[in-house]
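To keep things clear, I will list the structure first and then write my remarks on it.
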Amino acid sequence: MRILQLHCDSIEYTPTKKEIKIAEDIENTELQRLEEVVVAFVAIEDGDDSSVAQDAISQIKNSMEKIGCKKLLLYPYAHLSSNLAKPSTAMTLLSEMETNASELEVSHSPFGWTKSYKIQVKGHPLAESSKVVTKDSTDSKDEEITSEALKGESKIRSYWKIMSPDGTMTNIADFDFSNHKNLEILAKYESAKQRSVDEPPPHVALMKKMAIADYEPASDSGNMRFYPNGRLIKSLIERYVTDRVKDYGGYEVETPIMYDSEHPSMVSYFNRFPARQYNIDSEGKKLFLRFAACFGQFLMANQYQMSYKNLPYKLYELTRYSFRREQSGELVGLRRLRAFTMPDCHAFCKDMDQAVDEIMLRFELSQSVLHELGIDESDYDMAIRFTEDFYNENKSAIKELVKKQGRPVLVEMWKEKFFYFVLKWEFNFIDNLGKASALSTDQIDVENADRYGIEFVDENNNKQHPIILHNSPSGAIERIIYALLEKAAKDSKEGKKPQFPLWLAPTQVRVIPLKEEFNDFCESLTDKISVNNVRVDIDDRNESIGKRIREAEKEWIRYILVIGEKEVNSENLNIRDRKTGDVKELSFGDFLNEINKQTKGKPFTGLNLPKHLSKRPQLMV
RNA sequence: GCUUCGGUAGCUCAGUCUGGUAGAGCGUUACAUUGGUAAUGUAAAGGUCACGGGUUCAGAUCCCGUUCGAAGCUCCA
């Protein structure tokens with residue numbers, strides 16, 4: 001028996017005429033319409049019997065339970081097989097299947113009739129499946145009709161281990177996680193897929209409360225709006241990551257955000273991955289929005305005349321945005337988006353030795369970038385994945401990476417290469433709910449240079465395809481903000497004051513005049529401070545001093561300067577430091593030094609809000 | 001995408017079970033207050049109870065659908 005099973009929004013069919021003599025007698029030849037239904041196109045084959053029918057219907061019931069649908073239409077469909085059973089047998093078995101599915105709302109379309117039909121199939125991964133049930137098939141073959149990638153992904157055979165910094169590998173079950181709680185979460189998360197949470201992630205409330213980002217209902221899900229505070233933070237992180245990649249040797253480029261899916265180099269790449277992109281039809285072209293910077297940079301590199309002497313050569317782009325049409329149920333706050341900002345740096349290397357050398361540099365770059373962004377080593381754990389072949393040929397390189405991490409890492413070893421890369425590592429941030437999400441990552445790609453026709457000329461004047469590394473030193477910028485907010489929430493939960501690194505704080509210094517008569521003094525003081533690249537504002541509202549301090553605290557502002565009689569007549573400043581909660585007296589110069597020490601080496605941009613709080617609309621409370 | 005839960009004033013939320021005049025705090029506005037390091041006082045304005053349909057004499061409340069969000073499943077190039 002062959003079955004094509006489709007989970008449908010709707011199906012309409014109209015019996016038009018009897019095809020065979022013994023066709024079922026029916027009274028109603030009008031159009032039938034069913035909604036929210038699983039349609040099983042069934043071909044009964046020679047040799048099928050009652051046991052096959054039972055097996056088949058139980059498989060159907062099984063998968064319907066999984067997708068949560070209770071309505072079934074059995075649709076006799078001869079065209080699935082060239083070895084059909086006799087119509088009489090077929091009718092008997094079909095009605096047996098229908099009887100055995102009585103707990104469902106089951107019906108069938110008439111047997112032996114020519115029917116016209118119109119069908120609307122749902123888009124989810126389990127919506128379509130085909131089944132072959134035979135007398136001797138002991139186990140069910142439940143094959144999903146979807147992209148090659150999804151098929152392959154479920155077939156990937158892999159082994160999960162923990163590798164210690166000394167290079168020894170241990171089975172996950174045998175590893176002592178007592179000092180590595182987050183790694184345990186990551187290991188369980190990845191390999192066993194165990195999760196149990198029942199509350200929204202804290203960064204979602206914080207991103208709104210701090211007026212950073214919010215959902216935009218008028219857009220698609222997962223496309224966020226960033227308020228002035230959020231844009232300032234995001235733009236500073238973007239600039240910092242870009243500066244660091246340029247220091248490392250990446251050359252910044254800009255490439256289109258949409259591509260023609262029928263361009264020859266896209267076709268084969270596309271077929272390797274599930275179709276989760278945004279599609280746009282324009283003047284007969286089928287365009288899709290990029291989900292990474294790869295295409296643009298590869299198509300560009302294709303034009304380069306490269307010699308081995310030029311390698312390694314690195315291209316970099318900060319994609320604003322990359323688009324992935326993730327399943328709606330997977331989107332969460334700033335953690336998982338459909339439009340996100342991704343720094344993406346590709347290094348073209350002449351051979352595996354050079355690629356391995358390069359990956360070490362980028363590993364250190366990624367570690368350092370995260371650290372400087374305010375994400376500590378203890379906040380993330382590393383996973384490394386590679387093919388068995390790559391492991392056997394490059395053991396020492398893998399061990400060196402793990403050693404650089406200095407702590408045990410999660411290892412996934414693939415029996416064979418399925419993706420385009422032979423090695424991939426990533427740093428996974430573990431949030432307050434025990435969710436892991438990848439930040440930095442790098443890959444060794446051995447396929448795409450060929451696919452995109454990227455070549456260099458080697459020492460012997462032969463053309464070769466370079467090995468390509470794909471590194472994002474920070475991961476998505478939105479995800480960095482998510483990590484910083486989750487860290488702040490954790491501090492808050494532990495009774496510590498939440499805060500941003502000073503260089504990212506929307507306001508670094510707040511000046512509060514005690515009375516209106518000190519306003520002029522405050523103006524000139526803030527001018528003096530802001531010319532030194534410090535974001536300073538004035539709370540000139542007619543509110544009590546206590547309230548204005550409280551609100552500055554709630555905005556996580558690090559330094560508060562209350563200006564009264566005493567300050568106006570003093571050389572020094574009285575500074576309330578949120579970190580300690582104390583008020584200290586410093587000279588103007590010492591104060592600036594204290595700030596500069598903390599923001600050294602980081603980009604700066606001016607206040608992104610009105611300087612006077614009296615002029616500032618309130619976004620959130 | 002599936003299952004479950006949720007959407008009430010700008011924000012946080014009560015009211016929904018048991019249908020009958022829509023509530024509080026914060027914020028906003030006005031007036032008074034000129035303050036010394038986490039909430040000054042008084043008053044006022046502010047709601048299509050997410051949207052659409054149904055049941056009912058009557059719907060924020062009950063039913064159906066849609067939409068947005070969250071959790072779980074699945075997934076993450």
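Naming convention: chains lettered A, B, ... in sequence-line order (proteins, then strands); numbering from 1 in each chain.
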Side chain Glu567(A) and base G36(B) donor-acceptor under 3.5 Å: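 Pair found.
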
Just call it for [X]: base, sugar-phosphate, or nothing, with non-hydrogen atoms closer than 4.0 Å on any strand.
X: Lys497(A); result: base
X: Ile512(A); result: nothing
X: Glu36(A); result: nothing
X: Ile545(A); result: sugar-phosphate
X: Gly333(A); result: sugar-phosphate
X: Gly564(A); result: base
X: Val204(A); result: nothing

Nearest to the side chain of [X], which nucleotide is it out of [options]?
X: Glu565(A); options: U37(B), G72(B), G36(B); result: G36(B)
X: Glu516(A); options: A71(B), U34(B), G36(B); result: U34(B)
X: Arg336(A); options: U37(B), A38(B), C75(B); result: C75(B)
X: Ser544(A); options: U34(B), A39(B), A71(B); result: A39(B)
X: Lys435(A); options: G72(B), G36(B), A38(B); result: G72(B)

Take the protein atom [atom1] of [X] and the nucleotide atom [atom2] of [N], then report the distance between them rounded to whole Å.
X: Lys208(A); N: G10(B); atom1: NZ; atom2: C1'; result: 13 Å
X: Leu514(A); N: U34(B); atom1: CG; atom2: P; result: 12 Å
X: Glu330(A); N: A77(B); atom1: CD; atom2: P; result: 11 Å
X: Asn432(A); N: A71(B); atom1: CG; atom2: P; result: 13 Å
X: Lys209(A); N: G10(B); atom1: NZ; atom2: P; result: 19 Å
X: Trp414(A); N: A77(B); atom1: CH2; atom2: P; result: 9 Å
X: Glu517(A); N: U34(B); atom1: CD; atom2: C1'; result: 8 Å
X: Leu561(A); N: G36(B); atom1: CG; atom2: P; result: 18 Å

Just say parallel, tilted or perpendicular for the rings of Phe363(A) and Trp425(A), cut-offs at 30° and 60°.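 If you compare the ring of Phe363(A) with that of Trp425(A), the planes turn out perpendicular.
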
Say we look at [N] and [M]: how far apart would their [atom1] atoms be, to the nearest angstrom?
N: G20(B); M: G59(B); atom1: P; value: 11 Å
N: G1(B); M: C17(B); atom1: P; value: 32 Å
N: U67(B); M: U12(B); atom1: P; value: 23 Å
N: A9(B); M: A60(B); atom1: C1'; value: 14 Å
N: A77(B); M: G65(B); atom1: P; value: 35 Å
N: C13(B); M: A22(B); atom1: C1'; value: 14 Å
N: A71(B); M: A39(B); atom1: C1'; value: 35 Å
N: C5(B); M: A24(B); atom1: C1'; value: 25 Å

Is the closest side-chain donor-acceptor distance between Thr507(A) and Asp537(A) under 3.5 Å?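 Short answer, yes.
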
Compute whether any side-chain donor of one residue and acceptor of the other, for Tyr316(A) and Gln297(A), lie under 3.5 angstrom apart.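 Not at all, the side chains of Tyr316(A) and Gln297(A) share no donor-acceptor pair under 3.5 Å.
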
Closer to the 5' end of RNA chain B via nearest nucleotide, is it Arg479(A) or Gly222(A)?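 Here Gly222(A) is the residue nearer the 5' end.
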
On RNA chain B, compare the nucleotides closest to Arg324(A) and Pro201(A); which residue's is nearer the 5' end?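 The residue closer to the strand's 5' end, by nearest nucleotide, is Pro201(A).
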
Paired nucleotide for [N] [Watson-Crick or G-U wobble; both distances under 3.5 Å]:
N: C5(B); result: G69(B)
N: A60(B); result: none
N: U55(B); result: none
N: C75(B); result: none
N: C26(B); result: G10(B)
N: C49(B); result: none
N: A32(B); result: U40(B)

Lys515(A) side chain near G36(B) phosphate (N/O to OP1/OP2, under 4.0 Å):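 Result: no.
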
Between Arg576(A) and A38(B), does any side-chain N or O lie under 4.0 Å from OP1 or OP2?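 Answer yes for this pair, as a side-chain N or O of Arg576(A) is under 4.0 Å from OP1 or OP2.
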
Step through the shown structure and confirm whether more than 12 heavy atoms of other residues, nucleotides or ligands are within 6.0 Å of NZ on Lys497(A).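 More than 12 within 6.0 Å, yes.
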
Give a yes or no on this: more than 12 heavy atoms of other residues, nucleotides or ligands lie within 6.0 Å of atom NZ of Lys490(A).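 Counting other residues, nucleotides and ligands, NZ of Lys490(A) stays at 12 neighbours or fewer.
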
Give the minimum heavy-atom separation between [X] and [Y], together with the two atoms involved.
X: Ile444(A); Y: Phe390(A); result: CD1-CZ, 3.7 Å
X: Arg320(A); Y: Arg290(A); result: N-NH2, 3.6 Å
X: Val106(A); Y: Ala101(A); result: CG1-O, 3.7 Å

Hey, are the side chains of Glu516(A) and Asn542(A) touching, using non-hydrogen atoms and a 4.5 Å cut-off?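 No, their side chains stay 4.5 Å or more apart.
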
Within this structure, what is the CD1-CD1 distance for the pair Ile280(A) and Ile257(A), rounded to the nearest 0.5 Å?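 Separation between the atoms: 7.0 Å.
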
is_close_aromatic(Phe288(A), His263(A)), centroid dist under 6.0 Å: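 Phe288(A) vs His263(A): aromatic centres not under 6.0 Å.
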
Nucleotide N/O of nucleotides 28-33 of chain B paired with protein N/O under 3.5 Å:
| residue | atom | partner | partner atom | Å |
| --- | --- | --- | --- | --- |
| U33(B) | N3 | Asn542(A) | ND2 | 3.3 |
| U33(B) | O4 | Asn542(A) | ND2 | 2.1 |

